[in-house]
Amino acid sequence: MSIETSALYDVPGPKALARHRTYGWIVTALLICVLAWVIYKLIDTGQFAHDKWAPFEYVGVQKLLLRGLRNTLEVFAWAAVLSLAFGAFFAAGRLSDHRVVRWGAGLVVEFFRAMPVLVMIFFIFIAMKVEPRLALIAGLTLYNGSVLAEVFRGGVNAVPKGQSEAAYALGMRKTSVMVHILIPQAVRTMLPTIISQLVVTLKDTSLGYLISYEEFLYAGKQIATNLDYSLPFIPVVIVIAPIYIGMCMLLSGLARYLESSGRRRHKGA
């Protein structure tokens, strides 16, 4: 009979496993009690009353939410693509052998990474007189692109130096070394962080409501603050929050799928 061991901790025995199982049941029971209390308070304050949920039966309200969701996804798609391109471009600049290019790219990346994204959005919208949609996309691109530039640079630098040295010894140029040697290996390391930053980008699209861009949260705010609908703030949150969470979970699931498929291809190779 083999005994499992670990270098980091002792494998729990039968009594410890039973104790951990008891702790798990206690925590689960507490969470259920908290959830039941929250539901009770929502019922007690009339948040599930028909008049607060009736607006969602109107076709106009449904179209408003769908239009806001579509606008959110469009802004996210543009900001994600442009952020990846921005990050790749300035990461290449920061990895350049030319000092002027390296310092210039570093200055741009550090400036936009340090600036609050909301300040950039307001500056582009108010000072530069750009329409809300483009201001939101530009602000998200500058901030998230600068963060991704550092992610890309760190991922490439994390590849062991021997890989590039061996490639240079074979007579390969720097561009070929980057494209064929360093980047394919760095992608596996960078992928979870890239997807995490894209999740941040998706959530930051909600800042568009501050400049009156009709994204998903702005549509929910119009419904929640409508006196004719009895101010259904909590029902709007209950409807909108799971959709945001679901979109973020889809991105996280995509990251796990790409990571596992890349690992399988690597093992096969």
Side-chain angles (χ1 to χ4, degrees), residues 12 15-77 79-80 116-118 121 136 140 144 192-193 195-257 259-260:
K15 290 185 178 180
L17 289 174
R19 187 166 58 251
H20 295 166
R21 195 176 299 113
T22 302
Y23 295 156
W25 281 111
I26 292 173
V27 172
T28 302
L30 289 175
L31 291 175
I32 292 174
C33 290
V34 171
L35 179 62
W37 179 79
V38 171
I39 293 175
Y40 166 76
K41 293 299 292 183
L42 291 176
I43 295 174
D44 186 55
T45 56
Q47 300 302 327
F48 293 108
H50 180 266
D51 61 332
K52 287 187 176 295
W53 289 86
F56 298 103
E57 299 176 358
Y58 301 150
V59 176
V61 171
Q62 295 171 5
K63 289 183 176 179
L64 177 64
L65 288 173
L66 289 175
R67 185 168 63 250
L69 180 59
R70 184 193 66 211
N71 291 339
T72 291
L73 293 175
E74 286 181 356
V75 167
F76 167 69
V117 61
L118 186 57
I121 292 173
L136 181 59
L140 294 176
N144 293 285
T193 309
I195 299 297
S196 298
Q197 194 60 40
L198 292 181
V199 170
V200 173
T201 306
L202 175 60
K203 292 189 293 184
D204 283 348
T205 57
S206 60
L207 296 174
Y209 89 95
L210 294 173
I211 56 174
S212 301
Y213 178 66
E214 295 184 356
E215 45 78 48
F216 197 37
L217 186 62
Y218 183 84
K221 179 189 174 186
Q222 286 184 308
I223 300 169
T225 57
N226 196 319
L227 290 172
D228 295 336
Y229 298 153
S230 301
L231 301 175
F233 180 79
I234 298 300
V236 167
V237 172
I238 294 174
V239 170
I240 287 180
I243 296 177
Y244 271 114
I245 294 171
M247 291 189 293
C248 293
M249 290 179 66
L250 285 175
L251 281 175
S252 300
L254 175 62
R256 289 192 295 270
Y257 169 76
E259 187 178 7
S260 61

How far apart are the C-alpha atoms of E74 and E215, what are their side-chain angles, what is the distance that settles it, and do they pass the side chain to side chain contact (heavy atoms under 4.5 Å, CB included) test?
CA-CA 9 Å; E74 286 181 356; E215 45 78 48; over 6 Å; no
Nearest 0.5 angstrom please: L118 CG to L207 CG, how far?
5.5 Å
Between L136 and I121, which heavy-atom pair has the shortest distance, and what is it?
CD1-CD1, 3.6 Å
What are the two closest non-hydrogen atoms of G46 and K52, and how far apart are they?
O-CD, 3.4 Å
Do other residues, nucleotides or ligands put more than 12 heavy atoms under 6.0 Å from the OH atom of Y209?
no
Between the CG atom in L35 and the CG atom in L30, the distance rounded to the nearest 0.5 Å is 12.5 Å
Over all heavy atoms of both residues, which pair between I238 and F48 is shortest? Give the atoms and the distance, please.
CD1-CE2, 4.3 Å
Smallest separation among heavy atoms of A80 and L198, with atom names
CB-CD2, 3.8 Å
Rounded to the nearest 0.5 Å, how far does CG of D44 lie from CD1 of I39?
13.5 Å
State, yes or no, whether a side-chain contact exists between L217 and T72 at a heavy-atom distance under 4.5 Å.
no
Checking Y58 against Q62 for the side chain to side chain contact (heavy atoms under 4.5 Å, CB included) test, could you report, in this order, the C-alpha distance in whole Å, the side-chain angles of both residues, the deciding distance, and whether it holds?
CA-CA 6 Å; Y58 301 150; Q62 295 171 5; over 6 Å; no
Atom CG in N226, atom NZ in K221: separation rounded to 0.5 Å?
13.0 Å
Candidate pair V199 and M247, rule side chain to side chain contact (heavy atoms under 4.5 Å, CB included), full reasoning:
CA-CA 9 Å; V199 170; M247 291 189 293; over 6 Å; no
Here the gap from K203 atom NZ to I245 atom CD1, rounded to the nearest 0.5 Å, amounts to 10.0 Å
Just how far is it from atom CG of L202 to atom CG of L250, taken to the nearest 0.5 Å?
10.0 Å
Determine the minimum heavy-atom distance between P232 and P55, stating which atoms define it.
CG-CG, 4.5 Å
Qualifying residues under ring-ring contact (aromatic ring centres under 6.0 Å, His included), relative to Y213, sequence neighbours excluded:
none
Whether the N71 and E214 side chains hold a donor-acceptor pair (N or O, under 3.5 Å, no angle test) is what I'd like checked.
no
The test is side chain to side chain contact (heavy atoms under 4.5 Å, CB included); show your working for V59 and K63 and say whether it passes.
CA-CA 6 Å; V59 176; K63 289 183 176 179; 3.6 Å; yes
Do F56 and W53 have ring centroids that are under 6.0 Å from one another?
yes
Parallel, tilted or perpendicular: ring planes of Y244 versus F216, cut at 30 and 60 degrees:
tilted
In short, L140 meets A79 closest at the heavy-atom pair CB-CB, 3.9 Å
